[in-house]
Number of protein chains: 2
Amino acid sequence: MRYSNTHKQETRQKLLDSSRAIAKKGGFDTTGVDALMSAIGLTGGAFYSHFRSKADLFAELIQLETELSTDMLAGDDNSPPDHVSKRIRNYLSTYHALHPEEGCVLAALGPEIARASPQVKAQVEAMLKRLQRSWATRLDDNDAGWALLAQCVGAIVLARVVESERTRQEILASSRRFVEKVQQPDQK
Amino acid sequence: MRYSNTHKQETRQKLLDSSRAIAKKGGFDTTGVDALMSAIGLTGGAFYSHFRSKADLFAELIQLETELSTDMLAGDDNSPPDHVSKRIRNYLSTYHALHPEEGCVLAALGPEIARASPQVKAQVEAMLKRLQRSWATRLDDNDAGWALLAQCVGAIVLARVVESERTRQEILASSRRFVEKVQQPDQK
DNA sequence: GTCTATAGCATGATAGAC
DNA sequence: GTCTATCATGCTATAGAC
């Protein structure tokens, strides 16, 4: 064969990785297949050797995004006691607000996910519940799991819709202080 | 003239009102001019008698949305002391999560606004700052203004990306309890 | 596995009839 | 002021050459 065994797999992975960033930056519906393919040096027609439809790519993309984010944010048995507040401080950063392409998929594509198929939303829900349980257990507060997730996503959305850098900083700083006030001292 | 003096004004207002709901439900970029016009019984070509471009409609739409929301949420001198917690309870409702077309534009179109022109984002910022100042003053807590706004927007986004009604309720209930814990007793 | 070419349709926007 | 018709362009998806 003209192409190696793993060539298709590699191309698929490159397309997936590249599309994740592009979709989070410019929106998924708004971005055409041609743009996604040319970003990895291929033409639009070749897309359908890798995915049956654009919606299929979206489903895999969201699945991958939520898995990676949840793995990072939830932490494991080796994570320190202040794991959650560390992750939150990192989430509520100016860098995150200014770089949606590297950031959380919920803050960047939340409304598009809300309009997606039940299958996609069920996948997202499963990952979110895992993350919520992890945080609720660590903080010993059932409500704090969901509430802190909402705080994070909402603050980044707000920080991105305003124009001035100053207001963006204010929103993030207020949100960080608010979260710290709520958390117990021994978890900081 | 074949049409009354106020006919154009009325049509423009109808188009604006109709488009607000459609955009919040299905996304603005995703919805075509034809769909927006046929929703008020007109054809696509007539759109450009009322707006110079689709982007112009978006700007006016966002302006109107943020004004109306801010007026409602900020309250005035006649509002009761528990104004803020009442509005937040209302915002964090299942009805709001299930009806984006009637709800907050930030939760529905946040990422699209984030990609909009600096002019649009500056308008949104002005309204958000007015709302933030109002809440911060009422609660006598500078951080709470931005933080509670973020909590509201984030909770609705989360509630909309999950599939099961049960999880949606959990998210909203946790967020409501979290907000109540934080607020002072005399403001409830 | 990727290419070009193309089908079929929707888009944003314009021109001219009424 | 709204209509139909139209343009140019974009889209998703398919077929067939290489």
Side-chain angles (χ1 to χ4, degrees), chain A residues 1-20 22-62 109 111-113 115-117 119-120, chain B residues 1-20 22-62 109 111-113 115-117 119-120:
Chain A
M1 53 182 71
R2 277 175 67 199
Y3 297 92
S4 74
N5 260 345
T6 58
H7 188 196
K8 182 166 184 178
Q9 270 187 13
E10 283 166 11
T11 302
R12 186 192 168 94
Q13 196 59 44
K14 252 203 305 194
L15 173 56
L16 214 39
D17 282 336
S18 166
S19 300
R20 282 170 52 205
I22 295 174
K24 287 192 286 183
K25 179 156 192 151
F28 185 79
D29 281 348
T30 337
T31 309
V33 169
D34 266 6
L36 296 176
M37 291 302 280
S38 68
I40 58 167
L42 299 181
T43 50
F47 175 84
Y48 298 90
S49 305
H50 301 280
F51 293 94
R52 289 187 55 210
S53 69
K54 204 192 170 197
D56 266 27
L57 170 63
F58 186 69
E60 286 221 28
L61 203 155
I62 297 299
L109 299 176
E112 289 198 58
I113 298 172
R115 294 192 292 268
S117 71
Q119 288 77 24
V120 169
Chain B
M1 55 182 69
R2 278 177 65 198
Y3 296 91
S4 74
N5 260 345
T6 58
H7 187 195
K8 184 167 183 178
Q9 270 188 13
E10 283 167 10
T11 302
R12 186 192 167 92
Q13 196 57 46
K14 252 202 307 191
L15 173 56
L16 213 40
D17 281 335
S18 167
S19 299
R20 282 170 53 205
I22 295 174
K24 287 192 288 182
K25 179 155 192 152
F28 184 80
D29 280 349
T30 338
T31 309
V33 170
D34 266 7
L36 297 176
M37 291 302 280
S38 68
I40 58 165
L42 299 180
T43 51
F47 175 84
Y48 297 90
S49 306
H50 301 281
F51 293 94
R52 288 185 56 208
S53 69
K54 203 192 172 198
D56 267 26
L57 170 63
F58 187 69
E60 287 221 27
L61 203 156
I62 297 297
L109 299 176
E112 290 197 58
I113 297 172
R115 293 192 292 268
S117 72
Q119 289 77 24
V120 169

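Computed from heavy atoms alone, side chains included, the values below leave out hydrogens, waters and symmetry copies.
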Rounded interatomic separation in angstrom, taking [atom1] from [X] and [atom2] from [N]:
{"X": "B:His50", "N": "C:dA13", "atom1": "NE2", "atom2": "P", "value": "15 Å"}
{"X": "B:Met37", "N": "C:dG12", "atom1": "CE", "atom2": "P", "value": "12 Å"}
{"X": "B:Phe51", "N": "D:dT2", "atom1": "CZ", "atom2": "P", "value": "12 Å"}
{"X": "B:Leu36", "N": "C:dA10", "atom1": "CG", "atom2": "P", "value": "16 Å"}
{"X": "B:Phe47", "N": "D:dA5", "atom1": "CZ", "atom2": "C1'", "value": "19 Å"}
{"X": "B:Asp34", "N": "D:dC3", "atom1": "CG", "atom2": "C1'", "value": "13 Å"}

Name every donor-acceptor pair, under 3.5 Å, that has one atom in a side chain of residues 24-32 of chain B and the other anywhere in the protein, sequence neighbours excluded.
residue, atom, partner, partner atom, Å
B:Lys24, NZ, B:Glu65, OE1, 3.2
B:Lys24, NZ, B:Glu65, OE2, 3.1
B:Lys24, NZ, B:Glu101, O, 3.4
B:Lys24, NZ, B:Gly103, O, 2.7
B:Thr30, OG1, B:Gly26, O, 3.4
B:Thr31, OG1, B:Gly27, O, 2.7

Heavy-atom contacts under 4.0 Å between residues 52-62 of chain A and DNA chain C, which residues? none
Using heavy atoms and a sub-4.0 Å distance, could you list which residues of residues 24-32 of chain A are near DNA chain C? By number, please. none
Using OP1 and OP2 only, check whether a side-chain N or O of A:Thr11 sits under 4.0 Å from C:dT2.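 The answer is yes; a side-chain N or O of A:Thr11 sits under 4.0 Å from OP1 or OP2.
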Side-chain N or O of B:Tyr48 less than 4.0 angstrom from OP1 or OP2 on C:dA13? yes
Can you sort out the partners of [X] under side-chain hydrogen bond (donor to acceptor under 3.5 Å, both in side chains), two or more places apart, ordered by chain and number?
{"X": "A:Glu60", "result": "A:Arg12"}
{"X": "B:Asp17", "result": "B:Arg20"}
{"X": "B:Gln119", "result": "B:Ser117"}
{"X": "A:Lys54", "result": "none"}

Measure from the side-chain heavy atoms of B:Leu42 and tell me the nearest of D:dT2, D:dC11, C:dT2.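 Shortest atom-to-atom distance from the side chain points to D:dT2.
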Between OG1 of A:Thr11 and CG of A:Leu16, what distance do you get to the nearest 0.5 Å?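 It is 12.0 Å, given to the nearest 0.5 Å.
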Name the pairs: protein N/O against N/O of nucleotides 4-9 of chain C, kept only if under 3.5 Å.
none

If you compare all heavy atoms of B:Leu36 against all heavy atoms of B:Ser19, which two are closest, and at what distance to 0.1 Å? CD2-OG, 3.8 Å
Identify all side-chain donor-acceptor contacts of residues 37-52 of chain B below 3.5 Å with residues at least two apart in sequence or on another chain.
residue, atom, partner, partner atom, Å
B:Ser38, OG, B:Asp34, O, 3.2
B:Ser38, OG, B:Ala35, O, 3.3
B:Ser49, OG, B:Ala46, O, 3.4

Bend angle of the helix from C:dG1-D:dC18 to C:dC18-D:dG1 from five-pair axes at both ends, rounded to 10°?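 Computed angle between terminal axes is 0°.
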